[in-house]
Amino acid sequence: MRFYLTTPIYYVNATPTLGNAYTTAIADMLVRHQRQRGVDTFFLTGVDEHATKVWRVAEEQGLEAQEYADRIAVPWRELAPRINAEVDFFIRTSDDGHKRFVREFLQRIYDNGDVYQDVYAGLYCVGCEAFKTEDELTPDGLCPDHLVPPEWIEETNYFFRLSAYQDRLLALYDERPDLVRPDFRYNEARSFIAGGLRDFSISRAGQPWGIPLPWDESQVAYVWADALVNYVSALTYARPGEDLRDRYWPAAHHVLGKDILRFHCVYWPAMLLSAGYEPPQQLFVHGYLLLDDRKISKSAGNAVDPLDLIDVYGADALRYWMARAISFGHDGNASVEGIRERYENELANDLGNLLSRTTAMVAQYREGSLRRGDAEPPLDLGALGADVAARLDRFDVTGALDAVWEGVRALNQYVTAEAPWQLAKDPANDARLDGVLYNLVDGLTALAVALAAFLPETAPRILEALQQSDDLSWGRVRNGVAEEVGGIEAARPLFPRIELPQAAA
RNA sequence: GGCGCCGUAGCUCAGCUGGUCAGAGCGCUGCACUCAUAAUGCAGAGGUCGGUGGUUCGAGCCCACCCGGCGCUACCA
């Protein structure tokens, strides 16, 4: 089994937002989970650097474009580690390996007869880095966002014959109903294709910053002809001396936001087909994490620096909140206050306190020694594990976490139902008390393993407090894996109370 | 305009192919318990499942229309 997962490459000339952190964190959960199941995984993220604006800003600051790009790529490279995302490779489109491959890739499309020359013309707003149609402008003919007149640009570009791929794309969609998820995104993409496809330009002239086309060095590859290709190019040089394409392509799963659905679900597969590659295995389109009802983005002006939230609650807590607050795949409302509530109610009170009370009882009633006693386990942990795995196979991150949490709640209920403090009063209950304590430790052990993909920092701490193996193999999500051990001490709070819930916003 | 989605308890949302589907979590109230990070457990809270009219023995779940909100309708990360 192979599982290759990608996030979009982020536009470098901006600051990482919570939305970017969201995509990266969720993707990381999916990869970590597959890894626990013994699947051969590869996780890719990175940045897109070849935008006109990057070059222009660099010029304004008197820097070489590459030098400027090197500088602004830093916070992006730090994003994944800061939210506990473990990526296998961080790609930059200015990497030599990427540039080399893009040229090779485009050459194949060219050789296949899918590229032709034509004139592209339109009103272009430099601030937006986009062509504008007249109805997108203000009555005065200005860009509504930047209030400046757009420039009329007319240039000869190369176009990709997307229109020639309509039938093949429809056939692809028909034979693979799960190519795009969720299903409503599949429908959206398919109906777009069915509506007729227009060719799109893949180059820009007169720009020194970018990847020169192999057959015409005076033009550079335009955004999608450059950026999308990263998903394959990375495999050719991420591991020096190794070509990972055979290993991970087409086992690719692309995670992306709904705003770039068309490019990923239509352009990309067509480009791959043209270049002689298999389409990716799956595209998962997620929605927006709306903060206080507004989309989190730089343009909305309410960007939250995810690093600030991490400093207050910790990366695991932030991951947890992002996965649980809204149903993955749909848009959803969330709030900063919600982070605090999740942290206190669920992480601290439900999970953290469960560990505290469990370890405290083992320490107090059994001097830290765990023995298999005589008591039926309250949970079918194997079934729970199967449920979680099945949900994650469907990218149902939110539902998976929900399922684990039912286990957490069930164990808390079990404590109340069995009342170990009552059992401890009478030696006649020894075997039962042992059994109850064992079931708690055993359940918590399995749940820790099940949670490891979501809470990579916390799960090992739970296992350590329980004196259990740090092995995170998915097979350990079942009953009876806990070892009879000694030396269990009352654990320190997993998620301590936070003093200042205010610094978050 | 066309295609599609959504509107379910104060809040955020589950509800697959129609018949325990009127639910979960949070918030709120009361009770229980003491192992635990003043944590946990239990119970309750009486929501015309946006509106109207249909189909059906029976409809949040099917159909029509209406009201309200939204997405896509092409070259923007």
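So you know, we letter chains A, B, ... as the sequences are listed, proteins then strands, and number each from 1.
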task = Verify the contact: side-chain N or O of A:Trp224 to OP1 or OP2 of B:A77, cut-off strictly under 4.0 Å; return yes or no.
result = yes

query = Checking all strands, does A:Glu406 fall into the base, sugar-phosphate, or nothing category for heavy-atom contacts under 4.0 angstrom?
reply = nothing

request  = Among B:A74, B:U37, B:G25, find the nucleotide with the atom closest to the side chain of A:Leu494.
outcome  = B:U37

message = I want to confirm an ordering. Mapping A:Ser191 and A:Lys258 to their closest nucleotides on RNA chain B, which one lands closer to the 5' end?
response = A:Ser191

query = Under the 3.5 Å rule, do the base of B:A39 and the side chain of A:Asn349 count as making a donor-acceptor pair?
reply = no

ask   = Ring stacking, A:Trp421 with base of B:C35, under 5.5 Å and under 30°?
value = yes

ask   = Hey, is the side chain of A:Asn345 poking within less than 4.0 Å of OP1 or OP2 on B:A39, counting only N and O atoms?
value = no

inquiry  = Taking only the P atom of each, what is the distance from B:A9 to B:C72 in whole angstrom?
reply    = 27 Å

request  = Sort by first number and list every stem of RNA chain B: at least 3 consecutive Watson-Crick or G-U wobble pairs, both distances under 3.5 Å.
outcome  = B:1-7 with B:67-73, B:10-13 with B:23-26, B:28-32 with B:40-44, B:50-54 with B:62-66

key: Salt-bridge contact A:Lys99-A:Asp95 (side-chain N to carboxylate O under 4.0 Å)   = no

ask   = Which of these nucleotides, B:A77, B:G41, B:C35, is closest to any side-chain atom of A:Val223?
value = B:A77

request  = Please work out whether the ring planes of A:Trp224 and A:Phe263 are parallel, tilted or perpendicular, with thresholds of 30° and 60°.
outcome  = parallel

message = As a test of reading the structure: which of B:A77, B:C26, B:C75 is closest to the side chain of A:Ser201, going by heavy atoms?
response = B:C75

